[in-house]
Amino acid sequence: MKKLLLFSLVSIVFLSGCSIIKNGSDLTGFIFRMNEKNETYNMTENGFLYDSENNNFYKFFLIDESEILLSLKSDEKGRLTELNITTPCVINDSKLLLTFVTDSLFCFINDTETTETLLSETDFSNNITTVKNETIKAKNGNTELLLDVTEIGTVITVYTDV
């Protein structure tokens, strides 16, 4: 009986551990979801630079010959509260780049319905490829998406209250 109780307890701990990582709102959860979305990303926490003064994680990615700066801001509990994606180009020719950007948005927000609503409200697929002189904004619940597409680059920012 003791073995059965011990086995049950250990099983619960292991099974709930995977759920915490996948649904976590920290860097580990974000990386797990990105790798789950596309195994070729093969992301790890190694390589992210951490700025302890501002609680920011930074990493450059080279996708289809385009550099992307992915920066994530965390709160005092380690939960991610802001995502910034910066590219020195307009995302219009590279499907790989667009896929990486949208995957990052889905994995950061971690709510398919909210993400789809924000992408729809900003007309993301059209506006990401067109230079504009104004910021395009959309808000759904506690999540806000800002999109800036200029001649010198693209900046996508997502704020969320955890």
Side-chain angles (χ1 to χ4, degrees), residues 22-38 40-162:
K22 182 179 179 180
N23 296 319
S25 58
D26 60 358
L27 182 62
T28 304
F30 173 76
I31 290 171
F32 184 86
R33 289 187 296 274
M34 285 292 287
N35 289 331
E36 187 176 58
K37 198 125 183 90
N38 188 335
T40 62
Y41 294 149
N42 198 21
M43 277 190 193
T44 66
E45 291 176 350
N46 295 336
F48 276 89
L49 302 174
Y50 180 65
D51 174 9
S52 60
E53 187 174 309
N54 297 317
N55 289 333
N56 286 330
F57 296 95
Y58 301 96
K59 187 167 184 175
F60 282 97
F61 293 91
L62 185 62
I63 299 179
D64 223 12
E65 299 182 18
S66 296
E67 286 185 356
I68 293 180
L69 173 62
L70 193 68
S71 63
L72 300 146
K73 186 172 181 105
S74 63
D75 64 9
E76 64 282 346
K77 294 182 180 179
R79 299 173 297 193
L80 299 179
T81 58
E82 182 179 325
L83 167 70
N84 291 290
I85 303 170
T86 309
T87 68
C89 61
V90 176
I91 304 171
N92 55 5
D93 295 329
S94 172
K95 293 214 182 273
L96 289 174
L97 186 58
L98 182 59
T99 299
F100 181 83
V101 167
T102 55
D103 285 351
S104 298
L105 294 172
F106 274 94
C107 292
F108 175 77
I109 297 170
N110 198 21
D111 181 343
T112 303
E113 186 176 318
T114 299
T115 308
E116 288 174 351
T117 300
L118 291 171
L119 295 179
S120 171
E121 286 180 12
T122 58
D123 194 14
F124 190 82
S125 58
N126 289 326
N127 285 324
I128 196 73
T129 61
T130 309
V131 173
K132 300 240 189 261
N133 289 329
E134 74 267 356
T135 300
I136 299 165
K137 300 177 185 181
K139 187 168 184 168
N140 185 339
N142 63 346
T143 306
E144 184 175 16
L145 173 70
L146 290 87
L147 177 62
D148 291 292
V149 181
T150 66
E151 291 90 9
I152 59 172
T154 302
V155 178
I156 302 163
T157 305
V158 180
Y159 300 101
T160 187
D161 296 327
V162 196

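Just so it is clear, the structure is predicted and the values come from calculations on it, not from any experiment. Along the sequence shown, the residues carry numbers beginning at 1.
The only member of T112, T114, V101 that meets side chain to side chain contact (heavy atoms under 4.5 Å, CB included) when paired with F106 is T112. Checking L72, T115, L147, T143 one by one against V158, the side chain to side chain contact (heavy atoms under 4.5 Å, CB included) holds for a single residue, T143. Tested against D148, the residues T135, T154, T157, N127 include a single side chain to side chain donor-acceptor pair (under 3.5 Å) partner, T135. Just one of L145, N84, T87 meets the side chain to side chain contact (heavy atoms under 4.5 Å, CB included) condition when paired with I156; it is L145.
For D75 (side chain) and R79 (main-chain N/O), a donor-acceptor pair under 3.5 Å exists by modelled atom type. Between the N35 side chain and the N42 main chain, a donor and an acceptor come within less than 3.5 Å of each other. Looking at T102, its side chain does come within 3.5 Å of a backbone N or O of L98 through a donor-acceptor pair. In terms of modelled atom types and a separation under 3.5 Å, the side chain of N140 and the main chain of L118 share no donor-acceptor contact.
Residues N38 and F100 form no side-chain contact, since every pair of their non-hydrogen atoms from C-beta on lies 4.5 Å or further apart. Side-chain contact between L97 and I68: present, with at least one pair of heavy atoms (C-beta onward) separated by less than 4.5 Å.
In this structure, Y41 has its ring center at least 6.0 angstrom away from the ring center of F61.
Residues D26 and G29 share a closest heavy-atom pair of OD1-N, 3.0 Å. Contact detail for I31 and E45: the closest heavy-atom pair is CD1-CG, 3.5 Å. Residue P88 comes nearest to E67 through the heavy atom pair CD-O, 3.1 Å, listed as atom of the first residue, atom of the second, then distance. S104 and L83 make their closest contact through O-CD2, 3.9 Å (heavy atoms, listed as atom of the first residue, atom of the second, distance). Y58 and S71 make their closest contact through CD2-CB, 3.5 Å (heavy atoms, listed as atom of the first residue, atom of the second, distance). Here the shortest heavy-atom pairing between F108 and R33 reads O-NH2, 4.4 Å.
In this structure, N126 places its CG atom where more than 12 heavy-atom neighbours from other residues, nucleotides or ligands lie under 6.0 Å away.
Counting only N and O atoms by type, the side chains of D64 and S66 include no donor and acceptor under 3.5 Å apart.
Within the model, atoms CG of L27 and CE of M34 stand 11.0 Å from one another, a figure rounded to the nearest 0.5 Å. Atom CG of D161 and atom CD of E144 lie 10.0 Å apart (nearest 0.5 Å).
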